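Worth saying up front: this structure is predicted, and the values here are computed from it rather than measured.
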Amino acid sequence: TLVEVILYVGLAATILLAVSALIASTLESQVKNQTISEIDSQGLHVMGLITQTIRNSQGINSPSTGTLASALSLKINPAPVNPTVFDSVSNTLRITESVGSPVPLTNSRVLVSNLSFYNLNRPGAAGTIPDRRLARHAVDSARCGRAVCDRRPRADLDQGQLRPLD
């Protein structure tokens, strides 16, 4: 009968709507997880590179002890890579060795802003790492549901080991 057909069509529409909402939610979660994974992966790589370069350096040119700066300059031996500078320009973290061209350390999908280096050294000791950083993963707004998904990874050096800050 007509009533049964209308009832079945309504039930099928409700089921289709629920399944569509579930699929949309799953896809949004997948994009968010990919975003977080890429930021964490690049963040670990960059933090490892900065930490290793600091360990291999002979000293810190800037920032001076107890100060904050937007770039980290290290005294490196051999001379062809001295100084080695880490900085952020146009939302890209980069490294410059001596007078060479800057090399980006993050890709165009990870945006780095508010990068600062704080020298926590005691006199005669070596080692600084980023104090604060904000990385954002720029994604297609149609995939994410908004223009930018934010993720604020933070890490600190604790006796030679990277660990998340609380």
Side-chain angles (χ1 to χ4, degrees), residues 26-141 143-166:
T26 302
L27 291 175
E28 185 175 336
S29 294
Q30 179 185 7
V31 169
K32 183 177 179 180
N33 288 334
Q34 286 173 341
T35 299
I36 291 169
S37 176
E38 183 165 352
I39 289 171
D40 287 345
S41 173
Q42 284 194 37
L44 272 174
H45 171 72
V46 167
M47 290 296 292
L49 178 64
I50 292 172
T51 302
Q52 190 64 39
T53 305
I54 291 168
R55 286 184 185 142
N56 293 336
S57 71
Q58 291 184 327
I60 298 168
N61 297 326
S62 73
S64 58
T65 302
T67 62
L68 186 70
S70 61
L72 172 64
S73 176
L74 300 170
K75 185 188 303 182
I76 304 287
N77 213 2
V81 294
N82 187 35
T84 297
V85 178
F86 293 94
D87 63 0
S88 175
V89 174
S90 300
N91 293 320
T92 301
L93 184 63
R94 59 190 197 157
I95 183 173
T96 307
E97 295 179 331
S98 187
V99 293
S101 299
V103 177
L105 297 176
T106 56
N107 66 26
S108 61
R109 294 172 43 185
V110 175
L111 308 177
V112 179
S113 61
N114 299 328
L115 179 71
S116 59
F117 296 92
Y118 187 68
N119 190 338
L120 298 172
N121 291 344
R122 292 178 303 275
T128 52
I129 66 167
D131 175 50
R132 297 183 306 256
R133 66 190 167 98
L134 170 64
R136 295 181 303 179
H137 191 283
V139 295
D140 181 15
S141 61
R143 290 180 59 205
C144 187
R146 56 185 176 247
V148 176
C149 295
D150 283 344
R151 172 79 170 152
R152 292 175 175 84
R154 297 176 63 194
D156 194 5
L157 185 63
D158 181 25
Q159 299 181 12
Q161 301 278 329
L162 285 174
R163 65 172 177 79
L165 290 175
D166 297 328

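Side-chain contact between Leu115 and Asp87: absent, with no pair of heavy atoms (C-beta onward) separated by less than 4.5 Å.
Closest approach of Pro102 to Arg94, counting heavy atoms only: CG-NH1, 3.2 Å. Here the closest heavy-atom approach between residue Phe117 and residue Ile50 is recorded as CE2-CD1, 4.5 Å. The heavy-atom pair separating Ser57 from Ile54 by the smallest distance is OG-O, 2.7 Å. The two residues Pro63 and Ala71 have their closest heavy-atom pair at CD-O, 3.8 Å. Nearest heavy atoms, Val46 versus Leu105: CG2-O, 3.8 Å. Between Leu68 and Tyr118 the shortest heavy-atom distance is CD1-CB, 3.8 Å.
Thr53 contributes atom OG1, which lies 10.5 Å from atom CZ of Arg55 (distance to the nearest 0.5 angstrom). Taking CG from Leu111 and OG from Ser90, the interatomic distance works out to 10.5 Å, rounded to the nearest 0.5 Å. Rounding to the nearest 0.5 Å gives a distance of 4.0 Å between CD of Gln58 and CG of Asn77.
For Asn107 (side chain) and Val110 (main-chain N/O), a donor-acceptor pair under 3.5 Å exists by modelled atom type. With hydrogens and angles disregarded, no donor-acceptor distance shorter than 3.5 Å links the side chain of Ser37 to the backbone of Gln34.
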Are Leu44 and Asp40 close enough, and set up right, to give a side-chain contact (heavy atoms from CB on, under 4.5 Å), and what steps lead you there? CA-CA 6 Å; Leu44 272 174; Asp40 287 345; 5.6 Å; no
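When each of Asn61, Ile60, Thr96, Ile76 is checked for a side chain to side chain contact (heavy atoms under 4.5 Å, CB included) with Pro83, only Asn61 meets the rule.
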